[in-house]
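Naming: A, B, ... by sequence-line order, numbering from 1 per chain. Please read all numbers here as calculations on a predicted model, not as lab measurements.
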Number of protein chains: 2
Amino acid sequence: MSPRPRFALDLTTILEAAGELANQQGMQEVTLANLAKRLNIRPPSLYNHFDGLPGLRKHLAIYGLNKLYEEMTQAAIGVSGTEAILSISRAYVNFARNYPGIYEATLMAPNPEDADVQQAGSKIVGLSVRLLQAYPLEGDMALHAVRGLRSILHGFSSLEQRGGFKMALDLDESLEIIIKAFIDGIRKGK
Amino acid sequence: MSPRPRFALDLTTILEAAGELANQQGMQEVTLANLAKRLNIRPPSLYNHFDGLPGLRKHLAIYGLNKLYEEMTQAAIGVSGTEAILSISRAYVNFARNYPGIYEATLMAPNPEDADVQQAGSKIVGLSVRLLQAYPLEGDMALHAVRGLRSILHGFSSLEQRGGFKMALDLDESLEIIIKAFIDGIRKGK
DNA sequence: CCCTAAAACTAATATCGTTAGTTTTATATT
DNA sequence: AATATAAAACTAACGATATTAGTTTTAGGG
């Protein structure tokens, strides 16, 4: 009755719809059925754009990583040193707060080892590496520092999202103190 | 044909089977169908022991949190100060390495705000708080420090599990450096 | 102008979680 | 010891989901 409509969907439109769905209802609700409903098409039509649910998850993970990278990049403009690290850290946790479903999608790629997913993630790592080069760190210290920074940011965001921080204590203040302490400690450890 | 068998299952047995399933195949494979298959019963029979899939996830989360708490407690015996923090940190990441599915289950409770789940988690927080009291931290610093420690441990384990650390750099060394740096920084920040 | 291929569709299947109702037997009560 | 109750398994059925196969229409390139 209505095959090949005049205006076909494109992948970006689909991913945006999936992102909204994820933010509003959580990743467990982004099913092919729900997504198709939102786009006013039938579930099998989605297979024209990606390879089933795993395919959607992969695309959405990359889509999210790229958005996150953009926001962190913006936050890194015009700042340096500890101020820069703090700035991208705030951008990271704010991204997870403002787009909880997309952030969740970032971690739900069917195969995290996938080359495309790794590449999207490596841009974020690269940004951190560059900013950490403001300090003179010797040997492998910079690499350990990146691992630490990523651990803090992901752990903090993930725990905050799951309601893990019950204490009546300002979250932004916690983040600032944690990051500053970590950077301080890393620098002192050379 | 075979209702009420002579030896009925008990919840602990079921959770152990579910835990093995999770460790071997990941949490997305611990379905009522797969679990029933492993226990040689039919899926509906599981409803005699917990309230559907959400009920199983909640029980498994608590089961995992308790196991994790036990291992951390063992690691805290006979040590103090930074050595104690390092010891429970190693216990934490080793738990996630040795029981990846159970660690995953720890984060998949249907409602993380659930009182029983919160209680199981709070024991771990309490242990960290006690060990951090070895340092003289003023004001809310101890609370911020606990948040930071938890963020590091969860973030590090989660990223390691998802293959997030590609670099050819010893993971245990990273953890030790990260924790030491953080504790150092926290102490210096008073 | 036509022809191919993209992008929608319908129909059908397997799997899963879940509910309802049944059956057997262990255990507690009398 | 006899009986009643309830726990714990079962079968059967339903709705939702992802997925595959095959069909139809039409946009756009040759």
Whole Å only: how far is the [atom1] atom of [X] from the [atom2] atom of [N]?
X: B/Glu29; N: C/dT15; atom1: CD; atom2: C1'; answer: 12 Å
X: B/Tyr47; N: C/dT19; atom1: OH; atom2: C1'; answer: 8 Å
X: A/Leu11; N: C/dA8; atom1: CG; atom2: P; answer: 12 Å
X: B/Phe50; N: D/dA9; atom1: CZ; atom2: P; answer: 11 Å
X: A/Leu32; N: C/dT15; atom1: CG; atom2: C1'; answer: 15 Å
X: B/Arg42; N: C/dT15; atom1: CZ; atom2: C1'; answer: 16 Å
X: B/Leu39; N: D/dC10; atom1: CG; atom2: P; answer: 10 Å
X: B/Ile41; N: D/dA7; atom1: CD1; atom2: C1'; answer: 14 Å

Do any side-chain nitrogens or oxygens of B/His49 fall under 4.0 Å of OP1 or OP2 in D/dA7?
no
side-chain N/O B/Ser45 vs D/dC10 OP1/OP2, d < 4.0 Å
yes
Whether A/Arg147 engages the ring of B/Phe165 as a cation-pi pair (distance to the six-membered ring centre under 6.0 angstrom, angle to the ring normal within 45°) should be assessed.
yes
Would you say the side-chain atoms of [X] and [Y] include a donor-acceptor pair closer than 3.5 Å?
X: A/Thr82; Y: A/Tyr135; result: yes
X: A/Ser45; Y: A/Asn48; result: no
X: B/Lys58; Y: B/Asn111; result: no

Given [options], identify the nucleotide with an atom nearest to the side chain of [X].
X: A/Pro43; options: D/dT19, C/dC16, D/dT17; answer: D/dT19
X: B/Leu53; options: C/dG17, C/dC16, D/dT19; answer: C/dG17
X: B/Pro44; options: D/dT17, C/dT10, D/dC10; answer: D/dC10

Report yes if a donor N or O on one partner sits less than 3.5 Å from an acceptor N or O on the other, where the partners are the side chain of B/Asn48 and the base of D/dA9; otherwise report no.
yes
Go through the steps to decide whether A/Tyr92 and A/Tyr103 satisfy the test ring pair (Phe, Tyr, Trp, His ring centres under 6.0 Å), and finish with yes or no.
CA-CA 10 Å; A/Tyr92 188 106; A/Tyr103 181 71; 5.7 Å; yes
